[in-house]
Chemist: 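The structure's right below; bear with me while I get my questions together.
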There are 2 protein chains.
Amino acid sequence: MPNPLLKSGRRRPIRGGRDTREEILVAAEELLLRRGFNGFSYQHIAVRLGIRNAAIHYHFPTKEDLGVALVRRYRLRFLAWTDEAAQCASAFDRLVAYFQTYVDHLDGRLQICPVGIFGAEFDAIPDRMQREAQMMMRDVYEWMVRTLHDGLGDRSVVFSGDAHDKAMEMAAAMQGALQFASIAGRERFEQVFRQITLELRPASAAGDTGPAIAA
Amino acid sequence: MPNPLLKSGRRRPIRGGRDTREEILVAAEELLLRRGFNGFSYQHIAVRLGIRNAAIHYHFPTKEDLGVALVRRYRLRFLAWTDEAAQCASAFDRLVAYFQTYVDHLDGRLQICPVGIFGAEFDAIPDRMQREAQMMMRDVYEWMVRTLHDGLGDRSVVFSGDAHDKAMEMAAAMQGALQFASIAGRERFEQVFRQITLELRPASAAGDTGPAIAA
DNA sequence: GTCTATAGAGCGATAGAC
DNA sequence: GTCTATCGCTCTATAGAC
């Protein structure tokens, strides 16, 4: 009986115990968010990791493979996160927790799921990445619609109009805020965070400043 | 006395009366929105216009020059548009008119001012473009804050919280919506448009479906 | 699993003829 | 103002040694 804690499949510990494949993904993720998919190369990654171009091709034969792995990683991370977030006391808390995942990594630029990151260069990314991006977007959208409905049920959120439209508006605002933060600093993101949460919370009476943002 | 209809400055009518410089900008603008700045080349433009690579370099010596011209074009177009929009009856109408400019060109992809388009690849565009993008963003932001204040004055809009935060949220939502539309179709944009206008309008009583979207 | 070396393509850009 | 031709560079990707 194999130890269930040891994941089956690929062998990993190489280069003095470091996991090259994982390090490639981490570096590529940051480059993707700062420079776009067509704005970084295998060379950028190789220099950061102190390895050679060809070593990356061993782990990800084509750049499309790397791109697809990045999107899948986002999707899986988001789905795992929603499981954790299910323990939040209210739907409002779950939504704020989701927005907070952006803030937590804003300077390092790693997010749980920057769902619309590929929209700006959609026609210039490989087909398989396009499809993965569409699936990722659907996951986030459906979770958000569901959570808004939950929020109406537990009376933790208020909004007017349709939950589908509200979900899309919030997701779009988060995505745009991420881009504005790149252009004009993280304060832009915090403004959007404040406004979204302010509008979502019931009894937004005077004096209530809403959830604080992590420093 | 010179004819005031004939603009002073650069001579233009070439290639059978066609304005190559302008055609380059139009083609580049659409490529930029669909593929990102690093996702299109002079070749893409040359093929579309039936000219040669070198002809583009005559009008825009470097790609940075072309990029800067594109952002300046957006800025000037937006500033000219705000002058026109000043004739709208209310601040709410001006905001809706601004959102509408996105819709009008959504399939052709030409917008008045997709203010955050460079956020996704900010670190991978030339310095001068970065600075121009920051100025463009500031223009839109300031106009939006001013218009929200006007809206409080003429009672045509309602919102909670600070006008600066609300402006940033709306601008971010529009930008995100544009990217979502690239990924999942223009209906995504229309959802955000509906929700933003719904939340902005006073007396959003039942039965009021808000401003219609142009087909 | 990582290396050296290199192929092959596309890129931005320039020179000079017309 | 547009062309042909080409340069030098970077990019993705592969072959083969270790």
Side-chain angles (χ1 to χ4, degrees), chain A residues 7 9-28 31-32 34-71 121 123-130, chain B residues 7 9-28 31-32 34-71 121 123-130:
Chain A
K7 280 189 184 166
R10 189 173 48 82
R11 290 278 161 269
R12 297 208 281 177
I14 312 293
R15 284 176 60 229
R18 295 163 63 196
D19 186 337
T20 301
R21 186 188 149 93
E22 177 64 18
E23 290 182 0
I24 291 169
L25 287 169
V26 170
L31 286 163
L32 172 70
R34 291 191 184 277
R35 304 180 59 92
F37 186 71
N38 289 305
F40 76 89
S41 69
Y42 276 34
Q43 276 303 316
H44 285 93
I45 302 172
V47 168
R48 289 196 185 198
L49 268 54
I51 59 177
R52 294 295 177 169
N53 205 330
I56 306 174
H57 279 286
Y58 170 80
H59 294 281
F60 303 97
T62 73
K63 199 180 176 187
E64 176 168 5
D65 293 325
L66 173 58
V68 169
L70 284 171
V71 194
E121 46 183 355
D123 286 6
I125 62 176
D127 288 353
R128 275 165 57 221
M129 281 185 69
Q130 290 185 351
Chain B
K7 282 189 184 165
R10 192 171 45 83
R11 290 281 159 266
R12 295 207 280 177
I14 312 293
R15 283 177 59 231
R18 294 164 63 195
D19 185 335
T20 301
R21 185 188 150 93
E22 177 63 18
E23 289 182 359
I24 291 169
L25 286 170
V26 170
L31 286 163
L32 172 70
R34 290 191 184 278
R35 303 181 60 91
F37 187 71
N38 290 305
F40 76 89
S41 70
Y42 277 33
Q43 276 304 317
H44 285 94
I45 302 172
V47 168
R48 289 198 183 197
L49 268 54
I51 60 178
R52 294 295 177 166
N53 205 329
I56 306 174
H57 279 287
Y58 170 81
H59 294 282
F60 303 97
T62 72
K63 200 181 176 187
E64 176 169 5
D65 293 325
L66 174 58
V68 169
L70 284 172
V71 194
E121 46 184 355
D123 287 7
I125 62 175
D127 288 354
R128 276 165 57 221
M129 282 185 69
Q130 291 185 351

Chemist: Side chain of B:Thr20 only, please: which of C:dG1, D:dT2, C:dT14 is the nearest?
Modeler: D:dT2
Chemist: Where the side chain of B:Arg35 meets the backbone of A:Glu121, is there a donor-acceptor pair that is under 3.5 Å apart?
Modeler: no
Chemist: Starting from C1' on D:dC11, measure out to CD on A:Glu64 and report it in whole angstrom.
Modeler: 16 Å
Chemist: Heavy-atom contacts under 4.0 Å between residues 36-48 of chain B and DNA chain C, which residues?
Modeler: B:Phe40, B:Ser41, B:Tyr42, B:Gln43, B:His44
Chemist: I need the CD1-P distance between A:Ile56 and C:dG1, as an integer number of Å.
Modeler: 15 Å
Chemist: Going from CD1 on A:Ile24 to CD1 on A:Ile45, what distance comes out if it is rounded to the nearest 0.5 angstrom?
Modeler: 7.0 Å
Chemist: Between B:Arg21 (CZ) and D:dT2 (P), how many Å, whole number?
Modeler: 12 Å
Chemist: Take atom CD1 of A:Ile24 and atom C1' of C:dT2, then tell me their distance rounded to the nearest Å.
Modeler: 11 Å
Chemist: Without swapping roles, check the side chain of A:Tyr42 against the backbone of A:Ala55 for a donor-acceptor pair under 3.5 Å.
Modeler: no
Chemist: Evaluate the side-chain proximity of B:Glu23 to B:Val26: yes if any heavy-atom separation is below 4.5 Å, no if none is.
Modeler: no
Chemist: Hey, which sits more toward the 5' end of DNA chain C by its nearest nucleotide, A:Tyr58 or A:Ala54?
Modeler: A:Tyr58
Chemist: Without decimals, in angstroms, what is the distance between B:Leu49 CG and D:dT2 P?
Modeler: 10 Å
Chemist: May I have the distance from B:Ile51 (atom CD1) to D:dT4 (atom P), rounded to whole angstrom?
Modeler: 12 Å
Chemist: Counting side-chain heavy atoms from C-beta on, which of C:dA13, D:dT12, C:dC3 comes nearest to B:Lys63?
Modeler: C:dA13
Chemist: Look only at the side chain of B:Asn38 and the backbone of A:Gly36, and say whether a donor-acceptor pair between them is shorter than 3.5 Å.
Modeler: no
Chemist: Does the side chain of B:His57 get closer than 4.0 angstrom to OP1 or OP2 of C:dA15 through an N or O atom?
Modeler: no
Chemist: Rounded to whole angstroms, how far apart are CZ on A:Arg52 and C1' on D:dA13?
Modeler: 16 Å
Chemist: What is the distance, to the nearest angstrom, from the CG atom on A:Leu66 to the C1' atom on D:dC11?
Modeler: 14 Å
Chemist: Which residues pass the salt bridge (Lys or Arg N to Asp or Glu O under 4.0 Å) test with B:Arg52, sequence neighbours left out?
Modeler: none
Chemist: Only one of B:Thr20, B:Leu66, B:Asp65 forms a side-chain contact (heavy atoms from CB on, under 4.5 Å) with B:His59, so which one is it?
Modeler: B:Thr20
